[in-house]
Amino acid sequence: MRVYNFSAGPAVLPEEVLKEAADEMLDYRGTGMSVMEMSHRSKAFDDIIKEAEKDIRELMNIPDNYKVLFLQGGASQFFAEVPMNLMKNKKAAYIITGQWAKKAWQEAQIYAGDGAVAVASSADKTFSYIPDCSDLPIPEDADYVYICENNTIYGTKYKTLPNTKGHILVSDVSSCFLSEPVDVTKYGVIYGGVQKNVGPAGVVIAIIREDLITDDVLPGTPTLLKWKTQADNDSLYNTPPCYGIYICGKVFKWIKKMGGLEAMKAHNEKKAKILYDYLDESKLFKGTVRKEDRSLMNVPFVTGNEVLDAKFVKEAKAAGFENLKGHRTVGGMRASIYNAMPIEGVEKLVEFMKKFEAEFEAENS
Ligand SMILES: *Cc1c(COP(=O)(O)O)cnc(C)c1O
């Protein structure tokens, strides 16, 4: 039996995709082998990666002057790849909206020291909001401005992109990848680990404007981490994460079938509204994020009582709602409701929360 899986990542994938992968496990389309077992230089895999690229380009409406790379190393390795590949002046502006943005900033400091500056932060209120980014003190010679667009741990999301004052925008979209339409032209680099909303762990997808892919990288940059190496070889410089790319390709097809990113957005808004509406009316549960900055993907909430939070998580698990425990730095609960979470999952969760609240009221009145 499958549970309702609210994990922040690796996370729920569409059941259809998993079933298709299961059907193709022993014999992928007459090749007599699994995609796991085939050469990355084979015709079958070449078709898989090319088709995946074609589909994500179509879904996100990616212009021809952007490359799509399928990489390894997780989003965390990409934190280093950004300064390695983009720093010419060893200056960059980071907006600190949570742990992932902070880690990226710390990584940049390895290369740029004080040149990697935090130009805004929401640390003062446990990252429960997105700071005003309309007029930030971005150094004129900054090589780029860096954001984490959806904050997986704290449940915030940029509703408008920062004013970069003409600088390149680099965005980590790990936990909101393909959750709604994006205007790719507003970014220099969009990237994310796929294990939150797109596929199995082990793949990073990076969409990079071509003019930012050069040989002019920081001294000491490993061959493999130079974007030009990967771009020149269509992500096949070395063995890519083949099986993960294959599953991502299936998820792209699934999203297309669901109606593309506009439809995904509508589906995600509908789901999130069910949960947020209840959090706003509940006397027991409270959302932790400023309303206008709420994420459609990650919804943290608390009762304000740690013992009660733990009781809720335990009873929810027993009822088939998995992975609702909040991140250790926020406490409480977090429901990650990515693309593949069905609407019934959220409806049933809210039903369960209402029942829990009613029982609590009864016991304490
Ligand atoms: C999970 C996550 C990361 C870290 O991803 P890894 O692939 O584990 O390195 C980075 N950024 C965001 C926004 C995340 O959600």
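Each ligand, and each atom within it, is numbered from 1 in the order the structure gives.
Here the protein heavy atom with the shortest distance to atom 11 (N) of ligand 1 is D172 OD2, 2.6 Å. Of the protein's non-hydrogen atoms, the one nearest atom 9 (O) of ligand 1 is S76 OG, 2.6 Å. From the protein, the heavy atom lying nearest to atom 5 (O) of ligand 1 is A75 CB, 3.5 Å. Summary of contacts: the protein heavy atom closest to atom 14 (C) of ligand 1 is K196 NZ, 2.8 Å. Remark: minimum distance from atom 8 (O) of ligand 1 to any protein heavy atom is reached at Q195 NE2, 3.5 Å.
Of the options N197, V173, N298, T152, the smallest heavy-atom separation from atom 13 (C) of ligand 1 is shown by T152.
For Y144 and Y187, the gap between ring centers reaches or exceeds 6.0 Å. Centroid-to-centroid, the aromatic rings of Y154 and W100 stay 6.0 Å apart or farther.
By the 4.0 Å heavy-atom criterion, E149 is excluded from the residues contacting ligand 1. Put simply, part of S174 is less than 4.0 Å from ligand 1, judged by heavy atoms.
Taking the six-membered ring where tryptophan is involved, the planes of F301 and F285 are perpendicular, since the angle between them exceeds 60° and thus also 30°. Note: F70 and F252 have tilted aromatic rings, judged against thresholds of 30 and 60 degrees for the angle between ring planes.
Less than 4.0 angstrom separates some heavy atom of C148 from each of these atoms of ligand 1: 13 (C). Set against the non-hydrogen atoms of G74, the atoms of ligand 1 under 4.0 Å away are 7 (O), 9 (O).
Between K283 and E357 there is no salt bridge, since no side-chain nitrogen of the basic residue lies less than 4.0 Å from a carboxylate oxygen of the acidic one.
Partner Y129 forms a side chain to side chain donor-acceptor pair (under 3.5 Å) with one of D124, T97, D293 and no other, that one being D124.
Counting only N and O atoms by type, the side chains of T156 and N151 include a donor and acceptor under 3.5 Å apart.
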